[in-house]
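Reading through the structure tokens given below for one structure.
Reminder, nothing fancy here: chain letters follow the sequence lines and each chain counts from 1.
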Amino acid sequence: MANEEKDGYTPSVVEEKWQRLWDERGTNTFTREELENAEDPFYNLMMFPYPSAEGLHVGNIYAFTGADVHGRYHRLLGKTVFEPMGFDAFGIHSENFALKIGSHPMDLIPSNVQNFTRQLRRIGGMFDWDHSVDTTDPSYYKWTQWVFLQFFKAGLAERKEAPVNWCPSCMTVLANEQVVGGECERCGTPVEQRRIAQWFFKITDYAQRLLDNLEDIDWSPSTLKAQANWIGRSKGAQLHFPVVDADGNETGTKIEVYTTRPDTVYGATYMVLSPEHPLVSEVTDHGLMAPVFAYVDKAAKKDLVARQKVDKTKTGVPTGGSCRNPATGERIPIWIADYVLMEYGTGAIMAVPGHDTRDFEFAKQFDLPIVRVVAGPGDDAHTPLEEAYVGPGSLVNSGTFDGTDVSDSVDAVTAWTAEGGWGEPRINFRLHDWCISRQRYWGPPIPIVHCEACGPVAVPEEDLPVILPRVEDFKPDDSGISPLARVEEWYQTTCPECGAEARRETDVSDTFLDSGWYFLRYPSTDFDDRPFDPAITKKWLPLNTYIGGNEHAVLHLMYSRFITMVLKDLGHIDFEEPYQVFRAHGLIIADGAKMSKSKGNVIVPDPIIDEHGADTFRTYLMFLGPFEEGGDYRPQGIQGPLGFLHRLWDTVLSATDAEADANVERKVHQTIRQVTAQIPSLQYNTAIAAMMECLNVIRAGGRTAALAEVGPLIVMVAPFAPHIAEELWERTGHEGSVFDGRNWPEFDAAKAVDESVEVAVQVNGKLRASITVGKDAPEDEVVAAARAEENVLRHLEGLAERRVIHVPGRLVNFVVG
RNA sequence: GCCGGGGUGGUGAAAUUGGUAAACACAGGGGACUUAAAAUCCCCCGCCCUUUGGGCUUGCGGGUUCAAUUCCCGCCCCCGGCACCA
């Protein structure tokens with residue numbers, strides 16, 4: 001073996017032995033009965049990977065190892081820790097990769113999964129391979145389709161038109177990633193928007209609950225913040241602006257606008273409709289139809305990526321039509337501009353250029369009137385505006401509201417608009433309904449049949465799964481929208497309700513639907529007649545810990561929370577938040593950047609494991625920085641943990657049966673205290689440092705250790721280096737696995753107490769000496785000892801002592817002057 | 001622009017949330033043991049000076065305090081996410 005060492009520690013031999021024994025003994029896997037009867041269940045999950053052709057890189061291993069350490073620690077506390085692993089293998093990634101290399105995803109995925117599995121076994125993860133999932137397996141996506149049907153039957157899945165990127169040359173829908181500089185990545189034709197019917201899940205119905213529940217779950221603060229921002233609740237008012245004709249008479253039509261600043265309504269000097277707004281043609285003057293529709297057309301031609309880009313200059317056209325501002329009674333013009341989005345609010349705004357930066361910019365561009373209605377400190381009603389003023393102040397030029405502080409003005413003005421019958425309070429969310437349709441091949445078919453007479457009809461549950469057929473030509477091409485729409489023998493069917501000829505839905509569902517419920521499936525993979533068994537689900541869920549990357553802080557975590565909530569409302573489960581505890585891990589940095597294929601700095605784990613072994617590699621990854629922050633991967637750094645494990649091996653195998661030395665024992669118990677406190681809070685780097693320090697004390701001066709001294713270290717190192725821990729556990733006379741039973745060392749506070757402490761002595765805050773005193777020495781004794789130090793005396797000499805500060809066990813500070 | 005996270009030796013990083021800044025480790029230097037090498041053990045390792053001592057030092061500038069990496073105010077820079085959300 002390449003890594004054989006003189007001390008007899010050969011990682012590859014030890015690791016192969018224990019990985020084989022774990023498999024043989026079923027150490028990491030549970031039977032259905034074990035899951036049903038577990039006494040102290042602990043469900044420890046990490047986000048499952050997408051099985052790429054490249055295999056796992058060091059960044060993936062880092063995440064999985066950190067989660068595995070957490071799981072193994074709880075196992076050592078005696079819990080039944082369920083730690084499954086699976087594969088999120090559907091989606092555009094796999095599809096595009098298969099297209100690129102001229103292969104088929106149905107051929108690629110199995111070998112990728114096999115390679116991932118091999119790598120995951122090699123790093124010694126405590127994965128229950130008897131309860132794995134692969135989202136592309138019909139036995140899994142059968143239930144993904146079942147989830148869809150529950151939503152459909154509950155009225156939470158609806159079909160509506162939505163814009164997609166459309167390549168007019170290829171006649172196909174493009175994902176945002178396939179639009180390069182506004183052009184189709186394949187043929188270079190400019191991409192436009194097209195509205196097609198798609199399936200949506202009504203997540204917006206749950207927006208408030210998704211927001212409120214954030215209060216009660218234990219997640220990384222940054223993730224909570226990201227979720228709250230994504231939901232984007234804002235409080236304001238919906239106001240109705242009457243449209244007026246050329247003579248100033250109301251036509252009866254009203255334009256609805258949403259605003260978070262109803263208090264600035266006196267400053268609304270024009271209106272803007274989004275190009276897609278239904279009232280565009282109604283408000284436009286006959287003479288201006290041509291330019292207005294040219295503009296609307298141009299906006300539609302922009303692809304969705306370009307449309308969202310913030311341009312320096314705003315564009316727009318006047319309609320010639322106008323509204324009356326109900327606050328001022330003045331007539332104001334109506335414009336069309338694509339800086340107003342149809343998807344948010346009402347698709348129309350009242351423009352307040354004085355106090356909104358975008359409106360200000362637009363007003364300057366088109367020379368529209370700007371009125372000040374908020375006066376900041378030092379301003380009056382006539383102070384000119386050089387830019388939009390959005391700060392605090394009081395209302396001016398606002399009728400009876402003049403002088404009202406802006407902080408109380410929103411509610412006051414909203415109430416006034418409601419009294420006048422032209423407004424009401426309104427809460428808005430930026431969260432949009434979840435479009436789950438994909439006009440693609442590599443996903444689970446949406447289990448719907450379209451019947452001319454009955455409309456969209458659910459495929460009966462007993463007919464699931466709707467199998468994704470093997471289609472050799474799954475490339476999006478010029479024959480239609482979705483690849484499945486070309487497979488006539490597949491989509492032709494009969495209506496489950498009336499029996500007439502009908503057509504299957506040819507869109508597949510979003511990958512986030514696959515990953516939206518997978519945590520429910522793992523404990524129940526022993527059942528093929530139900531998505532999740534009620535008894536097992538009750539025992540094992542919600543999850544105890546979920547660990548994953550912050551790149552999923554929004555979408556995956558939001559969608560899976562939403563699905564869980566709906567399943568609870570439909571009576572399938574009895575909890576609504578799947579992840580009690582979520583922790584985001586940090587990123588591994590290589591050559592100053594996040595590891596990624598495009599940056600070319602990917603580090604492959606296999607050669608490192610070949611050279612040093614999985615235990616050393618794991619320990620190094622956990623040592624190189626705080627787990628939640630990530631850190632720099634430096635190849636040389638592995639020497640530290642490598643030497644540590646070798647020294648541990650040597651120390652344990654040469655240990656005697658002698659009594660533990662009192663000083664060493666104190667260090668050991670201090671270490672137990674620290675490691676026990678730090679592992680649950682994922683402070684792995686300092687926990688490992690503490691163990692290194694402890695071993696240094698045990699070995700100081702080359703002394704021979706007593707087994708009683710090193711014993712606890714074998715167990716404490718086990719979450720990080722499980723193989724060597726097993727081997728040393730066995731060689732020190734234990735039977736079976738260190739992970740069976742509650743083997744975590746007990747902390748004895750009495751044994752950890754230092755008899756004497758070192759106290760810093762300062763004069764005016766500057767360190768002048770350091771003294772050693774008994775741990776409970778009274779203050780006057782400590783101060784006297786401090787004062788007696790020669791170097792302290794010199795600094796006190798001739799100066800008046802004003803104060804003495806004594807922090808027991810830490811310092812004495814003489815304040816003189 | 002907004003929201004998060006950061007900025008500490010040659011390097012990765014620590015600091016009990018206001019109490020001796022730099023634990024642990026990498027790299028580097030010196031020594032012991034050894035025929036030799038590896039392994040192991042010991043010592044040095046922020047900067048500067050007039051070196052049994054003294055001064056300076058946690059991105060920059062102020063402040064509070066006996067005491068600030070930690071708290072407050074004002075800046076600069078880096079990383080991640082969102083981005084015309086009215």
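Closest to the A:R810 side chain, of the nucleotides B:A23, B:U20, B:G12, is B:U20. Checking B:C84, B:U20, B:G12 against the side-chain heavy atoms of A:D338 singles out B:C84 as nearest. Closest to the A:A700 side chain, of the nucleotides B:C42, B:G4, B:U20, is B:C42. The side chain of A:E758 lies closest to B:U20 when the candidates are B:U40, B:U20, B:C24. The A:I805 side chain lies nearest to B:C66 when the options are B:C66, B:A86, B:U16. Proximity note for A:Y344 (side chain, C-beta onward) versus B:C66, B:G53, B:A86: the nearest is B:A86. Distance from the side chain of A:P626 is smallest to B:A13 among B:A13, B:U20, B:G12. For A:K225, whose side chain is taken as the heavy atoms from C-beta onward, the closest listed nucleotide among B:G19, B:C3, B:C41 is B:C3. For A:K314, counting side-chain heavy atoms from C-beta on, the closest listed nucleotide (B:C84, B:U20, B:C26) is B:C84. In this structure, of B:U20, B:G55, B:C24, it is B:U20 that holds the atom nearest to the side chain of A:Q762.
Separation of the P atoms belonging to B:C3 and B:C47 is 40 Å when rounded to the nearest angstrom. The gap from the C1' atom of B:U35 to that of B:G30 amounts to 23 Å, rounded to the nearest Å. A gap of 9 Å separates the C1' atoms of B:A15 and B:U69, to the nearest Å. Across B:A27 and B:G12, the matching P atoms stand 15 Å from one another, rounded to whole Å. The P atoms of B:C82 and B:U17 are separated by 36 Å, rounded to the nearest whole Å. On the P atoms, B:C76 is 26 Å away from B:A86, given to the nearest whole Å. B:C48 sits 29 Å from B:U16 when the P atoms are compared, rounded to a whole Å. A gap of 32 Å separates the C1' atoms of B:C26 and B:G81, to the nearest Å.
Checked against the 6.0 Å centroid criterion, the rings of A:Y9 and A:H646 qualify as a close aromatic pair. Outside the 6.0 Å centre-distance limit, the rings of A:F623 and A:Y684 are not counted as a close aromatic pair. For A:W434 and A:F200, the ring centers are positioned 6.0 Å apart or more. Ring centroid separation for the pair A:F627 and A:Y62 comes in under the 6.0 Å cut-off.
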Open item on the list: Could you walk me through whether A:D263 and A:R261 satisfy the salt bridge (Lys or Arg N to Asp or Glu O under 4.0 Å) test, starting with their C-alpha distance in whole Å, then the side-chain angles of each, then the deciding distance to 0.1 Å, before giving a yes or no?
Closed with: CA-CA 5 Å; A:D263 54 321; A:R261 294 294 304 275; 3.1 Å; yes
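A:N229 comes within 4.0 angstrom of the backbone, heavy atoms only, and of no base. Within 4.0 Å (heavy atoms only), A:G232 reaches no atom of the nucleic acid at all. As judged by a 4.0 angstrom heavy-atom cut-off over every strand, A:E790 is placed among residues making no nucleic acid contact. A:F623 comes within 4.0 angstrom of a nucleotide base, judged by non-hydrogen atoms across all strands.
Within the 4.0 Å cut-off from OP1 or OP2 of B:G54, at least one side-chain nitrogen or oxygen of A:N791 is found. Contact between the side-chain N/O atoms of A:K766 and the OP1/OP2 oxygens of B:A67 is not found at any separation under 4.0 Å. For the OP1/OP2 pair of B:G53 and a distance below 4.0 Å, the side-chain nitrogens and oxygens of A:R794 include no atom meeting the criterion. At B:G54, one or more side-chain N or O atoms of A:R768 fall inside 4.0 Å of OP1 or OP2 (strictly under the cut-off). Side-chain N/O atoms of A:R647 include one lying less than 4.0 angstrom from OP1 or OP2 on B:U40. For A:H795, a side-chain nitrogen or oxygen approaches OP1 or OP2 of B:G54 to under 4.0 Å. For A:N428 and B:A86, the shortest distance from a side-chain N or O to OP1 or OP2 is not below 4.0 Å. Here A:R803 reaches the OP1 or OP2 of B:C66: one of its side-chain N or O atoms lies under 4.0 Å away. Between A:R802 and B:C66 there is no side-chain N or O to OP1 or OP2 distance below 4.0 Å.
As a whole-Å value, the separation of A:I638 CD1 from B:C26 P is 12 Å. Remark: C1' of B:C26 and CE of A:M692 are 10 Å apart, rounded to the nearest angstrom. If you take CZ of A:R703 and P of B:C42, they are 12 Å apart, rounded to a whole angstrom. For the pair A:Y339 OH and B:A86 C1', the interatomic distance rounds to 8 Å; values are reported in whole Å. Look at CG on A:N550: it is 17 Å from P on B:C3, rounded to the nearest Å. Whole-Å rounding puts the A:L587 CG to B:G6 C1' distance at 13 Å. Distance, A:L695 CG to B:A25 P: 9 Å, rounded to whole Å. Distance OH (A:Y633) to P (B:A27): 14 Å, rounded to an integer number of Å.
A:R561 forms no cation-pi arrangement with A:W230, by the criterion of a distance under 6.0 Å to the ring centre and an angle within 45° of the ring axis.
Each of A:G701 and A:G347 was matched to the nucleotide of RNA chain B holding its nearest heavy atom; the match closer to the 5' end belongs to A:G701. Between A:S770 and A:Q683, the residue whose closest nucleotide on RNA chain B is further toward the 5' end is A:Q683.
The aromatic rings of A:W335 and A:F362 sit perpendicular, their planes meeting at an angle over 60°, well past the 30° parallel limit.
Taking the syn range as angles within 90° of 0, the glycosidic angle of B:G30 is outside it, so the base is anti.
A:R703 CZ: more than 12 foreign heavy atoms inside a 6.0 Å radius.
Of all nucleotides present, only B:C44 satisfies the Watson-Crick or G-U wobble test against B:G28, with each distance under 3.5 Å. When both distances must be under 3.5 Å, the Watson-Crick or G-U wobble mate of B:C2 is B:G81. In this structure, B:U69 makes no Watson-Crick or G-U wobble pair, since no nucleotide meets both defining distances under 3.5 angstrom.
Separation of atoms CG (A:D780) and CZ (A:R787) is listed at 10.5 Å; rounding is to 0.5 Å.
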